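Working notes, beginning with the structure itself.
Letters A, B, ... are given to chains in the order of the sequence lines, protein chains preceding strands, and every chain is numbered from 1. All values reported here derive from a predicted model rather than from experimental measurement.
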Amino acid sequence: MSGTTKKKSTKKISRQISVDHIARIEGKAGIEIRHDGKNVEVSQVKIFEGPRYFEAITLGKSVEEATAVFPRVCSFCAAAHKITGIQAAEKAIGLHPTKQTIKLRELLYIGDYIESHALHLFLLALPDFLGYPDAFSMAKDYPEVLSAGLALKDIGADIQTIIGSRYIHQENAMMGGFGKLPTKKNLEILETRLRGLRNEGEQALETLVGNRNWPEVDAKRLHLAIEPFDGTYTMMGDIVHVSDGTKFKVEAYKMRICESVVEHSFAKHGHYNEQPFMTGALSRNVLFGDRLIERAKELADMYVEYLDASNPMSNNFAQAIEVVYYIQRAENIIHNLLSSYKPNEKRIKPHITKAGTGVSMTEAPRGMLAYTISVDKNGKVKGADIVTPTAMFLPILEDDLKRMSEGLLQQGIKDAKIIGPKLETVVRSYDPCVSCSVHVSEIK
Amino acid sequence: MRYVKISKQNTYEFLERLKKIGTLYAPHKISEKFFDFCEVDDVKDVMFEYQRTIRPPRRFFYPEREVLFTFDTRKVELYENLPSDKKQILFGVHSCDIVALRTMDSKFIDDQPDPYYKSRRENGIVIGLSCLPDEYCFCNVRRVEFVDAGFDLFFHELPDGFLVRVGTVVGHKLVDPYEGELFEEVCPDDTENMSKFEEKRTSMFTTQGNWDNLRYFMELRLNHPMYIRESEKCLGCGNCTLTCPSCKCYDVQDIPSIDGRTGERIRFWDSCQFRSHGLVAGDHNFRETKQDRFHNRYQCKNSYCSATTTSFCVGCGRCTYFCPADIQFKKNLMEIAGYKGGYS
Amino acid sequence: MSQSKTQDEGKENIYDTAKCRLLRKYKLSESDKLFLFRFEDPEIATNWRFKPGQFVEVSLLGLGEVPISICSSARRMGFFELCIRNAGRVTSQIHKLQPGSLVGIRGPYGNGFPMEQFYNRDLLLVAAGLGMAPLRSVFLYAIDNRWLFGNITIINSAKFGNELLFKRELEAMKDIATAEDISIVQTATRDPDFKGLHGRATSHFEKVNVDPKNCAVAMCGPPAMYKGMFEELIARGYDPRYIFVTLERRMKCGVGKCGHCNIGTATSWKYACKDGPVFDYYAITSIPGLI
Amino acid sequence: MAIIDGCDGECQPRVGVYALTSCYGCQLKLATVQKIMEIANAVSFESFYMLSSASKHPADVDVAFVEGSVSTEKDLEELYEIRKHSRILVALGACSVNGGVQSWAEGEMTHEELHAKVYGTGKIGMKGLQATPISKHVEVDYYLPGCPPEEDEIMYFISAFLFGTFPEPKDYPVCSECRLAGNPCILIERGEPCLGPVTTAGCKARCITFNVPCIGCRGPVPHDTAWFDSLAMTFKNKGISKDQVRERFRIFGAHNPNLEPMLKKIYGGTD
Ligand SMILES: Cc1cc2nc3c(=O)[nH]c(=O)nc-3n(C[C@H](O)[C@H](O)[C@H](O)COP(=O)(O)OP(=O)(O)OC[C@H]3O[C@@H](n4cnc5c(N)ncnc54)[C@H](O)[C@@H]3O)c2cc1C
Ligand code: SF4
Ligand code: SF4
Ligand code: SF4
């Protein structure tokens with residue numbers, strides 16, 4: 001998988017470390033590092049995913065059909081794409097969903113969080129910490145860890161299935177509401193099940209804490225996250241906070257975060273003020289961690305040294321804390337919903353009379369996700385722009401890889417077989433979503 | 001026959017008590033235009049006036065999908081999976097559907113009984129309900145608009161309740177404990193009202209006449225152009241057969257499980273409108289084209305069931321009402337047979 | 001005949017199977033094999049009876065069931081043979097079975113040939129391809145009860161010479177019989193290299209050694225063959241009341257319930273598995289759609 | 001039963017899970033089925049990059065699940081490579097079976113135009129292709145349609161494979177499952193364009209059960225029994241415009257060559 005090859009003769013002697021196919025991430029990507037034995041000249045995450053031109057293929061489609069297509073950008077955060085896309089589309093046509101719809105969407109989104117985080121932590125990241133190639137082999141020695149992970153994945157999936165029709169590509173979530181609302185009984189069952197899963201929720205955190213052996217890639221960095229509404233900690237809001245103290249409205253994201261085409265992948269790269277930045281669970285924690293409540297808050301305080309803003313590996317811990325938090329929040333939301341639940345509330349059918357543009361940003365499990373959708377007066381999509389978290393953090397990820405490999409080289413470690421896997425671990429900690437990153441870009 | 005009367009108010013109470021005997025199913029409104037037999041949670045949801053349910057009542061005795069056997073390949077053994085003997089009570093079955101159930105019986109019980117169907121049927125209680133036809137109904141020309149067997153109780157609508165015919169011993173036993181309490185005697189006024197209801201009902205059927213010679217014309221006009229014209233429209237989706245109360249085709253499959261040795265032998269409803277229905281090895285198909293399959297249903301539904309002395313089609317109108325392509329079964333039959341008028 | 005593990009006395013599940021052990025398998029052609037089975041349960045083995053032309057449902061757990069005609073003599077109690085063509089999902093796996101394996105069998109099903117009506121008559125058996133399977137059973141029945149039948153002629157045809165089923169068995173039969181009362185005609189319809197007769201069954205009537213007026217005809221082959229044969233037979237003065245054919249249809253249950261084998265029209269609606277698979281001349285010619 | 005010829009049921013089948021260009025939902029579905037651990041016990045995953053660093057490529061496998069459409073030359077090379085090393089190749093999911101949402105019809109905008117529109121000209125070294133189903137390039141032994149495929153169909157396929165066979169084919173539409181599920185018909189009741197009548201069954205009418213008309217993610221019913229014309233005719237009679245019908249069919253079937261002729265036949269020249 002990894003190998004050292006000599007580069008064609010250039011002036012300096014340049015050597016290469018490459019990982020052809022990073023395992024245990026969503027999508028197909030490789031790493032390429034070129035160095036002269038001491039300094040790294042090039043560090044790239046090479047993305048081999050083919051382009052899917054989502055913005056282009058949805059052009060001219062009726063906006064409702066387009067919102068069915070967008071989530072196909074990515075399966076790991078299909079609900080995130082679905083909801084963000086729908087919100088942007090609703091804003092474009094001036095449709096205001098009901099309170100209940102918004103709550104249910106948040107619940108659906110939480111389902112996505114729990115499933116996605118559980119999957120990442122237990123099946124993709126933990127094998128690194130425990131020293132296995134995959135979860136299957138890990139299962140033999142850590143059956144209870146894995147079964148906790150699977151139980152969490154299941155509840156996340158079931159929340160999405162019950163609200164959204166399935167846990168990948170939820171067709172039931174539509175503009176204006178839902179085709180059919182979950183029954184009261186089903187919500188009650190979910191509530192009970194969530195209550196029974198608190199221990200499982202902490203399992204990932206405990207295992208991670210017990211096996212802290214991550215590579216060091218400390219470096220100061222910018223964090224960006226959306227300020228959740230209502231002073232809570234959640235994925236929806238209207239204002240982006242930057243760790244340098246600035247703030248901007250989500251509508252302004254296109255001006256603040258610029259994307260550019262790079263040579264080595266179909267994914268575009270995002271920068272804030274010309275600087276690479278981080279987004280994701282860690283950034284949320286850094287900026288809004290103080291809003292966590294109850295057990296999640298306790299845990300975050302207890303393990304504060306594991307939540308180091310300058311170390312991307314901390315992202316795993318921040319995710320583990322979010323799992324605990326969101327189990328609790330889902331339970332609370334269901335509880336609230338049930339007190340005045342309207343199971344027969346009708347979806348507001350979109351009624352399009354004039355052209356418009358809508359912007360929506362949410363925090364997907366992996367970080368900020370932005371949608372801009374323009375609709376003409378016939379309800380056809382005139383333009384779409386999607387910026388995904390992975391596209392935003394790719395530059396800083398590449399910087400981290402550079403720092404990491406330079407650090408190792410300076411320690412005298414030159415063997416690609418050792419460096420390769422360490423680099424992979426760094427990539428994995430970001431929980432990148434490669435298919436997300438390539439299927440999107442701007443149409444002018 | 002025994003006749004009793006029950007008031008509307010007491011009917012709810014009666015339904016409430018039926019729930020204690022077993023699982024009670026009755027027609028519910030499931031959307032703007034559709035009804036279905038659903039398990040009764042709140043008796044107030046039961047619909048006493050409805051035209052036809054989207055799923056036919058046969059499914060309570062012959063479910064859409066059931067496990068016949070489980071198996072173990074190491075022992076080469078099939079383990080029977082007979083249904084439990086829990087009671088199922090169907091309230092609100094129209095007379096056409098009751099006759100349709102009897103046509104099912106003729107296939108599944110009378111000859112080499114199917115143990116699954118038979119057991120459910122024995123544990124089932126069928127309570128009929130009178131109805132008023134709409135333009136899709138033609139049970140009258142199928143001669144099944146009034147049934148005299150195949151139900152345990154039959155409820156006839158009166159202005160202030162129901163006149164109940166008691167059809168079987170099971171029916172008597174349902175009435176006995178509440179005689180005097182919920183059920184009262186039938187008085188001449190009630191009979192008068194039932195008479196009026198029946199009269200009104202008869203006049204409401206949009207199709208009149210005698211259809212007894214239909215199946216001969218079906219055969220004499222085997223190549224009627226209607227088949228070509230209408231099968232063009234057909235979506236081959238099987239809705240007509242799957243909603244039909246007297247269609248019974250099924251397929252059987254073995255579904256192995258991931259352990260590599262056990263599994264289930266299941267059966268599930270099939271439809272003659274599907275390509276594979278007449279397909280045999282070597283890709284030869286006895287009903288090759290959509291038109292062949294379309295034709296097949298028309299012949300099958302109009303064939304004769306000796307047990308009920310009616311055609312298998314009981315004129316419930318489902319296959320037309322639930323056809324997404326809007327193909328009109330009754331109208332097409334009338335076209336073939338050359339029957340006039342009466343269609344709206 | 002069915003036996004079941006969990007059922008009460010007297011209650012029977014018509015879909016349950018009885019275990020049969022594969023004793024031997026023989027290769028008949030590239031795609032056909034002959035399988036010899038015996039019932040595991042001695043009681044079933046001694047009591048099981050079938051009529052020529054009937055079929056069984058062979059069940060391979062995890063794969064499904066297929067209808068297969070019984071092709072052996074009705075006399076050999078407890079044992080029966082099936083000639084199976086490798087045609088798909090289930091049959092290909094049956095072909096892979098090794099002697100000693102167990103399969104599930106239920107049946108026999110279908111009406112079979114009305115052998116009693118054939119008594120004291122000559123017999124003409126016309127088979128094409130796999131059609132020889134059920135007819136072999138008829139033939140063996142006549143041999144076993146030789147005194148009940150007159151002259152016998154078999155016309156066995158196949159596309160290619162090496163696809164002629166039971167070719168050698170039939171040849172051997174002829175050698176043993178030497179007598180003129182048994183005639184075997186084997187012909188390949190599309191095989192110029194075949195060392196034997198060529199052309200369709202209808203073109204070899206001169207070799208048929210039966211009395212048309214007093215002969216029973218049993219046929220099994222593709223529907224197209226029946227049409228030609230009917231014309232030929234009627235023209236030659238065969239009694240239509242004694243002409244029988246067997247039909248193939250898709251079947252799942254074998255007992256007239258699953259509906260796949262339905263044939264006919266509104267006035268005569270038939271199930272090939274129960275009302276057939278053997279039909280007489282008048283049924284075939286009066287009910288549209290049978291062939 | 002012997003699973004693999006010549007190993008008497010003793011050896012574990014080797015399985016590879018690969019992705020071309022896709023959203024990874026199908027792999028995710030496979031990775032998250034309830035009985036994933038039982039599958040992992042029954043087979044050995046030689047290549048499953050999403051879950052295991054012990055993955056090899058290429059790996060000689062008995063069954064290869066291939067997700068995604070062919071959208072770059074690299075995809076194509078990889079697909080050939082996979083085919084060479086696999087005994088049975090399964091197309092997993094809509095992209096791989098039919099091309100998926102990212103397959104668009106040439107003509108309206110060519111691939112080059114599209115590419116230029118999104119990425120500008122020149123800068124990217126890699127070459128993209130018009131997304132195509134894998135069956136366009138290699139022989140496919142089995143199809144598991146759906147976006148994403150259904151859990152029970154994945155399980156049925158794997159178990160059937162362990163039994164030495166394939167699942168029995170489905171050649172009927174979602175519509176029939178919709179009826180069995182007891183859903184009210186959206187097309188009849190609301191006159192909305194539902195693709196259930198032409199879409200391969202297997203999802204148990206998942207979306208319609210949620211009151212959402214089918215968008216055809218499982219692709220057309222096989223063996224030419226998807227009666228597009230009849231459905232378009234029905235849509236027309238319900239007053240649905242040509243444009244709406246086209247858009248519906250195009251979500252998952254943009255590359256269908258019959259689409260435009262069919263629309264022309266039913267709707268004539270008008271929109
Ligand atoms: C009365 C009768 C007698 C038969 N006798 C013989 C015989 O003696 N020897 C022989 O080799 N074949 C015989 N056949 C044909 C045999 O049943 C088919 O070849 C066999 O079912 C093919 O099954 P498969 O699963 O291997 O093929 P596939 O093509 O994979 O079959 C797929 C599905 O189609 C069904 N199917 C396919 N063909 C038929 C069919 N003809 N009847 C019912 N279901 C079918 C199977 O049950 C299976 O579920 C007979 C058929 C009938 C109806
Ligand atoms: S054929 Fe049509 S009208 Fe007749 S019983 Fe069946 S569904 Fe009803
Ligand atoms: S809603 Fe769609 S799938 Fe369901 S019956 Fe109607 S047309 Fe068919
Ligand atoms: S109903 Fe249609 S869109 Fe929904 S899952 Fe089934 S095939 Fe896909």
Side-chain angles (χ1 to χ4, degrees), chain B residues 68-69 71-73 75-82 107-108 111-117 214-219 222 247-257 260-263 265 267 270 272 276-282 284-286 292 295-296 298-304 311-312, chain C residues 2 4-7 11-17 19-21 40 59-67 85-91 101-104 109 130 222-223 247-272 274 287-289:
Chain B
L68 298 181
F69 300 98
F71 60 75
D72 186 334
T73 53
K75 305 199 182 80
V76 197
E77 211 126 300
L78 285 172
Y79 305 102
E80 213 175 24
N81 182 42
L82 281 179
K107 291 290 173 195
F108 281 109
D111 167 51
Q112 293 189 307
D114 176 286
Y116 305 89
Y117 179 84
L214 173 67
R215 58 177 173 277
Y216 297 93
F217 284 109
M218 298 283 303
E219 222 163 58
L222 266 189
C247 271
K248 62 173 183 43
C249 287
Y250 66 76
D251 200 353
V252 180
Q253 273 182 15
D254 280 9
I255 309 284
S257 63
R261 63 188 170 80
T262 63
R265 179 161 292 175
R267 82 158 153 209
D270 200 350
C272 59
S276 57
H277 195 269
L279 187 72
V280 297
H284 182 70
N285 200 332
F286 285 97
D292 293 342
H295 191 205
N296 184 73
Y298 276 61
Q299 297 294 344
C300 179
K301 290 285 94 178
N302 287 294
S303 65
Y304 178 74
S311 57
F312 278 93
Chain C
S2 59
S4 192
K5 276 60 65 181
T6 53
Q7 70 195 184
K11 241 196 193 171
E12 280 196 344
N13 190 328
I14 50 167
Y15 307 114
D16 201 1
T17 58
K19 268 191 240 182
C20 286
R21 196 171 292 279
E40 281 287 278
S59 146
L60 267 197
L61 297 182
L63 287 125
E65 293 186 308
V66 286
R85 174 160 296 174
N86 179 349
R89 287 180 79 241
V90 183
T91 46
S101 318
L102 289 169
V103 299
Y109 295 127
L130 252 184
L247 301 182
E248 190 201 1
R249 282 296 184 276
R250 188 187 182 91
M251 287 174 194
K252 279 291 178 182
C253 69
V255 286
K257 310 211 185 302
C258 79
H260 290 92
C261 67
N262 62 18
I263 34 180
T265 46
T267 60
S268 20
W269 195 249
K270 304 281 184 208
Y271 292 97
K274 246 181 81 200
I287 307 174

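At a threshold of 4.5 Å between non-hydrogen side-chain atoms, the residues C:Arg250 and B:Phe286 do not count as touching. Taking the side chain as every heavy atom from C-beta outward, B:Tyr116 and C:Asn13 approach each other to under 4.5 Å. A heavy-atom distance below 4.5 Å is not found between the side chains of B:Lys301 and C:Trp269. Counting only heavy atoms from C-beta outward, the side chains of C:Asp16 and B:Phe69 approach each other to under 4.5 Å.
Separation of atoms CG (C:Asn262) and OG (B:Ser303) is listed at 9.0 Å; rounding is to 0.5 Å. Distance CD/B:Gln112 to SG/C:Cys253: 8.5 Å, rounded to 0.5 Å. Going from atom OG1 of C:Thr17 over to atom CZ of B:Arg265 covers 6.5 Å, rounded to the nearest 0.5 Å.
With a 4.5 Å cut-off on non-hydrogen atoms, B:Cys300 touches chain C through its backbone and its side chain both. For B:Leu279, the parts sitting under 4.5 Å from any heavy atom of chain C are the backbone and the side chain alike. For B:Arg267, the part sitting under 4.5 Å from any heavy atom of chain C is the side chain, from C-beta outward, and nothing else. With a 4.5 angstrom heavy-atom cutoff, B:Asn296 touches chain C via backbone and side-chain atoms both.
The residues C:Lys252 and B:Asp270 are annotated as not salt-bridged, no charged nitrogen and carboxylate oxygen being separated by less than 4.0 angstrom. Using a cut-off of 4.0 Å between Lys/Arg side-chain N and Asp/Glu carboxylate O, B:Asp114 and C:Lys257 are scored as not salt-bridged.
No other option in B:Asp292, B:Val252, B:Leu214 has as many heavy-atom pairs under 4.5 Å with chain C as B:Val252. When the candidates B:Ile255, B:Leu222, B:Asp111 are compared by the number of heavy-atom contacts under 4.5 Å with chain C, B:Asp111 comes out ahead. Listed options C:Gly62, C:Cys258, C:Ser101 were ranked by heavy-atom pairs under 4.5 angstrom with chain B; first place goes to C:Cys258.
Nearest heavy-atom pair across B:Asp251 and C:His260 is CA-CE1, 4.0 Å. The nearest pair of heavy atoms linking C:Gly259 to B:Cys249 is CA-SG, 3.7 Å. Shortest non-hydrogen contact noted between B:Arg215 and C:Ala266 is CB-CB, 3.4 Å. Here the closest heavy-atom approach between residue B:Pro115 and residue C:Ile14 is recorded as CD-CG1, 4.1 Å.
Residues passing the side chain to side chain contact (heavy atoms under 4.5 Å, CB included) test with C:Glu40, sequence neighbours excluded: C:Lys19, C:Arg21, C:Arg38, C:Leu102. Partners of B:Glu219 under the side chain to side chain contact (heavy atoms under 4.5 Å, CB included) rule, at least two apart in sequence or in another chain, are C:Thr265, C:Thr267, C:Ser268.
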